2 protein chains.
Amino acid sequence: MAEQAQYEELARQLTAIGAVKRDMGRILPPDCPGGSAAVLTLLGRYGEMRMSRLAELLSVDMSVTSRHVAHVADRGWIERSPDPADKRSRILRLTAAGHEQLDELSRRTSRLLADRLSDWSDDEVGQLTRLMTRLRESFGDCRTAAPHRPPHPHSYATELTTRTPV
Amino acid sequence: MAEQAQYEELARQLTAIGAVKRDMGRILPPDCPGGSAAVLTLLGRYGEMRMSRLAELLSVDMSVTSRHVAHVADRGWIERSPDPADKRSRILRLTAAGHEQLDELSRRTSRLLADRLSDWSDDEVGQLTRLMTRLRESFGDCRTAAPHRPPHPHSYATELTTRTPV
DNA sequence: TATTGTTATACTCTATAACTATA
DNA sequence: TATAGTTATAGAGTATAACAATA
């Protein structure tokens with residue numbers, strides 16, 4: 001449990017980190033803005049999935065997800081096949097072109113980070129990544145979940161595998 | 001120096017942290033969006049300054065700064081007095097109402113963070129804040145500065161006091 | 001001429017609400 | 001009735017470019 005001044009400082013740094021994110025955004029290919037890149041990254045990491053699952057991983061409303069997905073589908077980077085188990089749903093999957101685009105994204109972001117963090121040790125990068133991951137977990141899925149009381153201890157534990165590894 | 005996979009993971013977490021920022025944004029007062037809050041916070045922390053300095057601290061273009069400043073000025077939270085040293089400039093300063101608004105912002109963000117990070121130790125919060133601050137520094141002022149070569153070693157060191165403590 | 005700041009325009013991201021198709 | 005997904009609309013943030021006033 002920390003003091004108020006510490007929280008204010010953390011809040012300030014959370015705001016300031018926006019500059020880093022904007023800098024990362026500037027190196028993206030012209031027709032692949034941040035939203036598209038996030039879709040490709042998550043599909044590359046977790047494999048095929050439905051819209052609802054992707055929206056959960058992105059932590060945005062499904063309407064937003066729908067737009068991003070339409071964008072990458074228009075460019076042939078993913079395919080949307082019908083879900084045999086539920087005709088309302090569609091299965092999203094990277095195409096070969098999508099994998100190539102994702103490789104290009106990885107190269108660009110890794111190159112930028114390697115340049116900017118050239119004086120960071122392997123361990124420091126790992127520490128920051130770990131703490132940011134934990135921060136994300138501590139905030140949980142704040143869009144849909146009740147402010148602070150999980151439905152049941154059981155389903156909560158079950159959901160964790162679904163909602164933590166973003 | 002870290003490996004590519006580590007950079008990709010860090011990039012992923014930088015993207016994911018957006019959910020935390022959006023969550024913080026949701027608790028702001030209706031007429032005080034994030035941009036306004038950032039202006040008030042920086043004026044509260046560093047005292048009166050000119051537009052150009054504020055734009056630098058915000059790490060955004062001055063045109064963006066101008067809009068945010070106009071918003072908070074319209075609400076009486078800051079005053080813009082002419083700069084006697086340069087008639088093109090204006091000095092920005094928090095008003096009493098601005099200080100009150102800033103206090104309200106601090107209360108809200110601290111309350112949210114205290115709730116979400118209730119199981120974090122004081123030290124862990126400090127570690128994350130420190131690493132995020134350093135990350136911000138490592139990216140430097142990427143908008144205006146040359147990609148990787150500071151003008152002169154001398155002026156670089158001088159500027160650090162101005163541009164680091166964001 | 002160069003710089004400070006403002007305004008107009010355009011683009012990205014997000015959320016809410018209305019709508020459809022299916023469960 | 002409820003859920004999966006789409007689309008329309010609106011609001012916030014940002015960057016570029018054109019502009020005015022001053023250095």
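In this text the structure is predicted, and so the values were computed from the model without any measurement. By convention in this document, chain letters (A, B, ...) are assigned in the order of the sequence lines, proteins followed by strands, and residues within each chain are numbered from 1.
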For the pair [X] (side chain) and [Y] (backbone), establish whether a donor and an acceptor sit closer than 3.5 Å, ignoring hydrogens and angles.
X	Y	answer
T109(B)	S106(B)	yes
Q6(B)	D122(A)	yes
R22(B)	S59(A)	yes
H71(A)	D31(A)	yes

Margin query: On DNA chain C, compare the nucleotides closest to P84(A) and V64(A); which residue's is nearer the 5' end?
Written below: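 Nearest-nucleotide comparison on DNA chain C picks V64(A).
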
[X] [atom1] to [N] [atom2]: how many Å, rounded?
X	N	atom1	atom2	answer
R90(B)	dT22(D)	CZ	P	12 Å
H68(B)	dT6(C)	NE2	C1'	14 Å
R22(B)	dG11(D)	CZ	P	20 Å
M51(B)	dA21(D)	CE	P	18 Å
D74(A)	dT6(D)	CG	C1'	13 Å
D61(B)	dA12(D)	CG	P	20 Å

Options [options], nucleotide nearest the side-chain atoms of [X]:
X	options	value
V60(A)	dG5(C), dA15(C), dT6(D)	dA15(C)
S89(A)	dA4(D), dC13(C), dA12(D)	dA4(D)
R88(B)	dT6(C), dA21(D), dA15(C)	dA21(D)

When we call it a touch if two heavy atoms are under 4.0 Å apart, what does [X] touch: a base, just sugar-phosphate, or nothing?
X	value
S66(A)	base
D83(B)	nothing
R67(B)	base

Checklist line | Heavy-atom donor-acceptor pair, S63(A) side-chain to dT16(C) base, under 3.5 Å | finding: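 Per atom types, the contact qualifies.
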
